[in-house]
K.L.:
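My structure is below; once you've seen it, I'll send some questions.
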Amino acid sequence: MSATDYQTQGRLAVIRLQNPPVNGLGHPLRKGIVDGLDTANADAGVDAIILIGASGTFSGGADIREFNTPAMFAEPSLATVIDAIEASPKPVIAAIDGACMGGGLELALGCHYRIAKADAQIALPEVKLGLLPGAGGTQRLPRVIGLEAALNLIVSGSIVPAKQFKGTDLFDAMAGDDLLADAAAFAETVIGKTATLIRDIKVQHPEAEGFLMVAKNTVAAMSGHFPAPVKCVEAVAASVGKFDKGIATERKLFGELVNTPESKALRHAFFGERAASKITDVPKDTPTRQIEKVAVIGAGTMGGGITMNFLNAGIPVRLLEMKQEALDRGIATIRKNYEGRVKKGKLTEEKLEQRMALIHPTLSYDDLGDTDLVIEAVFEDMDVKRQVFEKLDAVMKPGAILASNTSTLDLNKIASFTQRPEDVVGLHFFSPANVMRLLEVVRGDKTADDVLVTVMKLGKTIRKLCVVAGVCDGFIGNRMVNKYVAQALAMLQEGALPQQVDKAVESIGFAMGPFRMSDLAGNDVGWYIRKRHYEEYPDMPRMPIADKLCEMGRFGQKTGAGWYKYVPGNRKPQPDPEVEQMILDTCQELGIERRTLSDDEIRDRLVLSLVNEGARILEDGIAQRASDIDMVYLNGYGFPLHLGGPMLYADSMGLFNVERRMRQFAALPGADAKFWEPAELVKTLAADGKTFN
Ligand code: NAI
């Protein structure tokens, strides 16, 4: 199929854009439009030209399949296409429905006239990729909808319905149900007339200069580590002057943004999310199983949150507990959670009741037989998991999927408790499970392809970002975070204090440093695991400072004290001299001479501890690709979006420098040299001058 279809209809030429799914403006489509224009202008029987999407959508903008390929820069560029339209002696009318976004909107703005359906989706979302509209959007949009409205749209990247701009110069007419017929009727009215080009309209604003200055300051204060929103304001500001000069400014600013690390990180996140849904060794046409009813075992912290995901998507849930009280408590917590949303005006009472009605509480496994998927979220104990999975194996219908939310236990072992290990998969949700977007899909040795594909699809339905992980202790995220926490503790022992370590990473955008994170999650969790490990592996390095903290009963926020102290009712951490003294005393007991650590050292040691384990995870085949690791960290661990994830951080640093830095850390006084031995993958990539991503 050609990317455009050209037909004449009486005196009109109709150029249909047909590049599914959203008429992305790839090279063949751009060329097709110019060819169509040339044909129409050479045909004496044609008096006007209509540009319209072939299947209910105008254009979603750039063709993302062309990103980072030479085709993206091949002529005709979008700017060339727009120049050709503006120069067309015969009027060109954009007939708009569906998506009209990014380059798609810029294309429409280049036309002589625009007619749109009321519900067409209008947006310039480039800012979301750390960019700005680079084909005249920042110059033409203010000329038709005004400075303020254009600025809001461009800086936010939000999508609004076309009807919001009815009556502005953005649209010359609004269409009814039959877009092409209405566009054709409109075209007849403009034949032979000279259209005013948008470039020739003057931007109207009584106080442009003052408004733009305030806008720039406001946007700068809100955009944190990202430069694009401010550049968007600068580009829009240039629309107040001469058009050609404004276009030059837009182009210059666009060029500056494309090469910023922040834009690279945003684009990495955009493509990384899409890549994560692909499972390399599973055939594309693998059929999925039908999931209409779900069961959740355990109505505790995780079970309740997991249940809410399905209720939100309209999927009924059988919720099973051991005792009535636990069931009642779990359901009351879910209701309370929804009531909170009602209070904030984010949910109606009616919806709340509809969702609650989808819960079918039960104490009996016999009630689960007709469900298509069961997710177990009971205590983290292999014996308990065994009891649960043996029962599930007995009651679940053939073909049902049996999932575990375990965060540390061996999924293959759990699968072995059943006669159908091929139906068993891990669904590792993150807490709070109704909020956190990440879902690690754990693939057991025997997990069937169709089970995997089915849960990936279901994950999308409940609006999760699914990342496939292999079976190992901690899967992707927690396996790495264990190294990160170990490194944070090591630095306390060498000379740092919790508040310094936290600040060093929070200042570059981490949602929370390791000690605040630990206070929130509960310091006792790691302590119990450590005590078990000390017994199981007597040679294991000890963590005396962390152990002492727990011996002092400082389990974190829940006990009012941890690495920090907390005033009751306030989550703000306050550095505590008692903790500092304990750290100093412990170092003295151990005969350690403390030294000053720089924030740079702290940051690099924390991030590179993630990177080294991430590399091993790739070597072991636990993650499919480096970007999957980055998606886990961006969506589950508060890693700053503008840095793109630990593996992209390492790539930006250069793996040669990463390896060198690791060797420097290994040589520090008191360092654990084994910890800092660079992973084989780091070494080979560094030697070849390559990157993870
Ligand atoms: P929890 O203690 O809050 O809830 C467990 C619930 O399971 C309790 O309500 C208990 O009554 C119920 N239960 C125990 N045995 C049962 C059985 N045989 N049949 C039916 N119900 C039973 O624990 P939480 O935190 O919700 O953890 C559950 C699972 O989720 C664990 O495997 C844990 O490792 C995993 N997980 C926990 C995360 C967290 O942040 N809390 C994060 C990700 C996974």
Side-chain angles (χ1 to χ4, degrees), residues 295-309 317-334 337 359-368 371 374-396 402-411 413-415 417 424-442 459 464 466-467 469 471 473-479 481-482 485 512 517-526 528-529 532 555-558 632 635-638:
V296 174
I297 316 289
T301 312
M302 294 307 288
I306 293 170
T307 299
M308 288 176 74
N309 285 296
V317 178
R318 285 267 139 95
L319 185 56
L320 183 141
E321 260 291 349
M322 287 184 297
K323 295 209 177 87
Q324 189 63 42
E325 301 87 86
L327 201 48
D328 293 344
R329 207 179 321 124
I331 293 173
T333 307
I334 294 176
N337 230 309
I359 307 179
H360 301 280
T362 180
L363 298 173
S364 165
Y365 279 82
D366 294 335
D367 288 338
L368 308 184
T371 55
V374 56
I375 304 173
E376 161 280 308
V378 302
F379 300 138
E380 186 74 340
D381 178 295
M382 198 50 109
D383 264 343
V384 182
K385 304 282 189 201
R386 175 200 291 273
Q387 288 164 26
V388 170
F389 273 82
E390 282 173 358
K391 280 191 202 131
L392 290 175
D393 196 21
V395 299
M396 298 298 288
L402 278 47
S404 171
N405 181 47
T406 182
S407 39
T408 55
L409 300 175
D410 180 350
L411 184 82
K413 193 156 180 206
I414 293 177
F417 300 145
V424 177
V425 67
L427 290 180
H428 185 220
F429 287 83
F430 287 71
S431 181
N434 54 316
V435 177
M436 296 295 288
R437 207 172 151 229
L438 179 64
L439 176 57
E440 281 182 326
V441 171
V442 185
K464 295 292 173 197
C466 297
V467 176
V471 177
D473 191 353
F475 312 124
I476 298 174
N478 284 345
R479 175 168 157 181
V481 97
N482 288 342
V485 169
M512 222 181 268
M517 185 181 81
S518 190
D519 270 0
L520 181 67
N523 300 317
D524 50 331
V525 183
Y528 293 128
I529 298 174
R532 201 177 71 211
F555 292 167
Q557 284 192 18
K558 60 185 168 190
V632 166
N635 293 284
Y637 292 83

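Atoms within a ligand are numbered from 1 in the order they appear, just like the ligands themselves. Throughout, numbering of the chain's residues begins at 1 and tracks the sequence. Predicted, not measured: the structure shown is a model, and the values here were computed from it.
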K.L.:
Nearest to atom 5 (C) of ligand 1, what protein heavy atom do you find, and at what distance?
P.N.:
Ala377 O, 3.6 Å

K.L.:
Evaluating non-hydrogen atoms only, which member of Thr333, Leu363, Val378, Leu427 is closest to atom 13 (N) of ligand 1?
P.N.:
Val378

K.L.:
Out of Val424, Val374, Leu320, which one pairs with Leu392 under the side-chain contact (heavy atoms from CB on, under 4.5 Å) rule?
P.N.:
Val374

K.L.:
Are the side chain of Gln557 and the backbone N or O of Leu520 linked by a donor-acceptor pair below 3.5 Å?
P.N.:
no

K.L.:
Does Val384 approach ligand 1 within less than 4.0 angstrom via side chain, backbone, both or neither, non-hydrogen atoms only?
P.N.:
side chain

K.L.:
Who gets closest to atom 33 (C) of ligand 1 by heavy atom: Glu325, Glu380, Glu376?
P.N.:
Glu380

K.L.:
Quick test: of every protein heavy atom, which one is nearest to atom 30 (O) of ligand 1, and how far off is it to 0.1 Å?
P.N.:
Asn405 ND2, 2.8 Å

K.L.:
Can you tell me if Phe430 has a non-hydrogen atom under 4.0 Å from ligand 1?
P.N.:
no

K.L.:
Checking Asp367 side chain against Leu363 main chain: does a donor-acceptor pair fall under 3.5 Å?
P.N.:
no

K.L.:
For atom 11 (O) of ligand 1, grab the closest protein heavy atom and report residue, atom and distance to one decimal in Å.
P.N.:
Glu321 OE1, 2.8 Å

K.L.:
So Asp473 and Asp410, do their side chains get closer than 4.5 Å, heavy atoms only?
P.N.:
no

K.L.:
Salt bridge check, Glu390 against Arg386: does any charged N sit closer than 4.0 Å to a carboxylate O?
P.N.:
yes

K.L.:
What atoms in ligand 1 come closer than 4.0 Å to a heavy atom of Thr406?
P.N.:
32 (O)

K.L.:
Specify the protein heavy atom at minimum distance from atom 2 (O) of ligand 1: its residue, its atom name, and the distance to 0.1 Å.
P.N.:
Phe379 CE2, 3.5 Å

K.L.:
Identify the closest protein heavy atom to atom 18 (N) of ligand 1: which residue and atom is it, and at what distance?
P.N.:
Val388 CG2, 3.6 Å

K.L.:
Got the closest protein heavy atom to atom 4 (O) of ligand 1, with its distance?
P.N.:
Gly300 CA, 3.3 Å

K.L.:
Could you check whether any heavy atom of Lys385 sits closer than 4.0 Å to an atom of ligand 1, since that is the contact criterion I want to use?
P.N.:
yes

K.L.:
Taking the side chain as C-beta and beyond, is there a heavy-atom pair between Ile359 and Arg318 under 4.5 Å?
P.N.:
no

K.L.:
Cut-off 3.5 Å, side chains only: do Asp383 and Gln387 have a donor facing an acceptor?
P.N.:
no

K.L.:
Have a look at ligand 1 and work out which part of His428, if any, has a heavy atom under 4.0 Å from it: side chain, backbone, both or neither.
P.N.:
side chain

K.L.:
Please identify which atoms of ligand 1 are closer than 4.0 Å to at least one heavy atom of Gly298.
P.N.:
7 (O), 12 (C), 21 (N)

K.L.:
With a cut-off of 4.0 Å, which atoms of ligand 1 are near a heavy atom of Leu320?
P.N.:
20 (C)

K.L.:
Please indicate, with yes or no, if any protein heavy atom is found under 4.0 Å from atom 15 (N) of ligand 1?
P.N.:
yes

K.L.:
Okay, side chain of Asp393, backbone of Phe389: is any donor-acceptor separation there less than 3.5 Å?
P.N.:
no

K.L.:
Which of the numbered atoms in ligand 1 are under 4.0 angstrom from any heavy atom belonging to Ile297?
P.N.:
19 (N), 20 (C)

K.L.:
Would a 4.5 Å heavy-atom cut-off, applied to side chains only, mark Phe417 and Met382 as touching?
P.N.:
yes

K.L.:
Got Phe430 and Glu440 here, is their nearest side-chain heavy-atom distance under 4.5 Å?
P.N.:
yes

K.L.:
When you measure from the heavy atoms of Met322 to every atom of ligand 1, does any distance fall below 4.0 Å?
P.N.:
yes

K.L.:
Do Val467 and Leu439 touch side chain to side chain, with heavy atoms closer than 4.5 Å?
P.N.:
no

K.L.:
Atoms of ligand 1 less than 4.0 Å from Tyr365 heavy atoms?
P.N.:
19 (N)

K.L.:
Can Lys385 and Glu380 be counted as an ion pair, charged N to O under 4.0 angstrom?
P.N.:
yes

K.L.:
Checking a contact table here: which protein heavy atom is nearest atom 43 (C) of ligand 1, and how many Å away?
P.N.:
Phe429 O, 3.1 Å

K.L.:
May I ask you to list the atoms of ligand 1 that are less than 4.0 angstrom from any heavy atom of Ser407?
P.N.:
33 (C), 34 (O), 35 (C), 36 (N), 44 (C)

K.L.:
Among all protein heavy atoms in this structure, tell me which lies nearest to atom 39 (C) of ligand 1, with the distance rounded to 0.1 Å.
P.N.:
Met302 SD, 3.6 Å

K.L.:
Assess whether a salt bridge exists between Lys558 and Asp519, defined as any Lys/Arg side-chain N lying under 4.0 Å from an Asp/Glu carboxylate O.
P.N.:
no

K.L.:
Would you say Phe429 and Ile375 make side-chain contact, with heavy atoms under 4.5 Å?
P.N.:
yes

K.L.:
Do any nitrogen or oxygen atoms of Gln387 come within less than 3.5 Å of a nitrogen or oxygen of ligand 1?
P.N.:
no

